[in-house]
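Structure, as structure tokens:
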Amino acid sequence: MSTIRNRTIFVATTVTAGLVLALGACGTGGSGTRSAGSGTDDAARSTSPSASAAGTAGDTGTTDPTGTAGGSSARKSSSGSGTKTDSGSGSKAGSGSAAGGGNATSDGYAYKHPCAAGQLSVSVTTPADASGRRVIAVRNNSANACGLSYYPQVHLDGSGGRTVKPLVPGGLGGAPAYPVYAGRTAYAVIDLDPSGATSGTVTGIDELNVLADGDHMPDADTRNFPLGSGALVLKPKLGLYRSTVADAVASMKTADTPA
């Protein structure tokens, strides 16, 4: 009986020890599993969408304010510069082309290119407040500036064959021509009877003849304008070309030299 009890105890002890060892082994395996899980979690975090997005954002500079400003500013600067250059260049070229380029308002061009009769229109009008005066208007209808003589070549005549030439300002000099810009008008004023005399005037004068540029144009380009009957003509005065009628009148008053 004693032998059987001892064997029973031994077997129980052996089983218990085995269970303890088995439990110990299981505990060690669980710890190892948790470690692997921890590693797996780390790997998962390193490849998670949020980490990927952070990496991508870092590459594009969106998470770096300095990098973002620099990249955006550089792109805008490059794009803006190109746009301004193209726009500015096109705009300038377009403006030049519409008005005949740089020649439309160039004095230098006008000095080298006398006006041709075909590019001008000439008209003569009578001011309402001064019936003895005539305003000669010469308009440049071309796209380029051109040059005129300092004053138009003018003479008065009539059916009796008499011809009268006006006095003009003396002491002239300076620029080689009077420039008329594209689309602009030059004015010259002639006073048929500056003194306002009603007696001693030249009789039979009824026509005003105007050659816009006496320095370069042939006599065949002379235009004829009727004065009407009863025009009083005595020592007429002609002024220089000016850009306004008022300035042309002031110039006319200084005329003192035979043309």
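No hydrogens, no waters, no symmetry mates; every other heavy atom, side chains included, goes into these values. Quick note: residue numbers are just sequence positions, from 1.
A donor-acceptor pair shorter than 3.5 Å cannot be found between the side chains of Asn144 and Ser142. Ser195 and Asp193 share a side-chain donor-acceptor pair at under 3.5 Å.
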When the side chains of residues 229-246 are checked against the rest of the protein, which donor-acceptor pairs come out under 3.5 Å, sequence neighbours left out?
from, atom 1, to, atom 2, distance (Å)
Tyr241, OH, Ala212, O, 2.7
Thr244, OG1, Asp247, N, 3.2
Thr244, OG1, Asp247, OD2, 3.3

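Sorted by first and then second residue, the pairs that involve residues 114-141 and meet salt bridge (Lys or Arg N to Asp or Glu O under 4.0 Å), not counting sequence neighbours, are Arg133-Asp191. Residue pairs meeting the salt bridge (Lys or Arg N to Asp or Glu O under 4.0 Å) criterion with at least one partner in residues 149-170, sequence neighbours excluded, are absent. For residues 139-233, the pairs satisfying disulfide bond (SG atoms under 2.5 Å apart) are Cys115-Cys146, with sequence neighbours left out. Within the structure, the ring pair (Phe, Tyr, Trp, His ring centres under 6.0 Å) test picks out the following pairs touching residues 106-151 (sequence neighbours left out): Tyr109-His113.
Scanning for side-chain contact (heavy atoms from CB on, under 4.5 Å) contacts around Ala117 gives Met217, Asp221, with sequence neighbours left out. Applying the side chain to side chain donor-acceptor pair (under 3.5 Å) test to Asp206 and every residue at least two apart in sequence or in another chain returns nothing. Asp213 is linked by a salt bridge (Lys or Arg N to Asp or Glu O under 4.0 Å) to nothing, counting only residues two or more places apart in sequence or in another chain. Here Asp256 pairs with nothing under the side chain to side chain donor-acceptor pair (under 3.5 Å) rule; sequence neighbours left out. Residues forming a side chain to side chain donor-acceptor pair (under 3.5 Å) with Ser131 (at least two apart in sequence, or on another chain): none. In this structure, the side-chain contact (heavy atoms from CB on, under 4.5 Å) partners of Ala137, at least two apart in sequence or on a different chain, are Ser123, Thr185, Tyr187.
What you find for Ala248 and Ala188 is that their closest heavy atoms are CB-CA, 4.1 Å. The shortest non-hydrogen separation linking Ala177 to Gly147 is CB-CA, 4.0 Å. Across every non-hydrogen atom of Ser251 and Pro169, the tightest pair is O-CG, 3.8 Å. A pairwise comparison of heavy atoms in Val135 and Pro127 identifies CG2-CG, 3.8 Å as the closest pair. Taking all atoms of both residues into account, the shortest heavy-atom contact from Ala110 to Pro179 is CB-CB, 3.7 Å.
Val180 pairs in a side chain to side chain contact (heavy atoms under 4.5 Å, CB included) with only one of the listed residues (Leu148, Val138, Leu120), which is Leu148. Tested against Gln153, the residues Asn209, Asp219, Val168, Val210 include a single side chain to side chain contact (heavy atoms under 4.5 Å, CB included) partner, Asp219.
Residue Arg223 holds its CZ atom at 11.5 Å from CG of Leu208, rounded to the nearest 0.5 Å. Separation of atoms CG (Leu192) and CG (Leu227) is listed at 6.0 Å; rounding is to 0.5 Å.
Think of Leu167 as one node in a network of Ile, Leu, Val, Met, Phe, Trp and Tyr side chains linked at under 4.5 Å; it has no links at all.
A chain of hydrophobic side-chain contacts below 4.5 Å, direct or via other Ile, Leu, Val, Met, Phe, Trp or Tyr residues, connects Leu172 to Val154. A single hydrophobic cluster is seen to contain both Leu156 and Phe225, as judged by linkage of ILVMFWY side chains at heavy-atom distances under 4.5 Å, directly or through other members.
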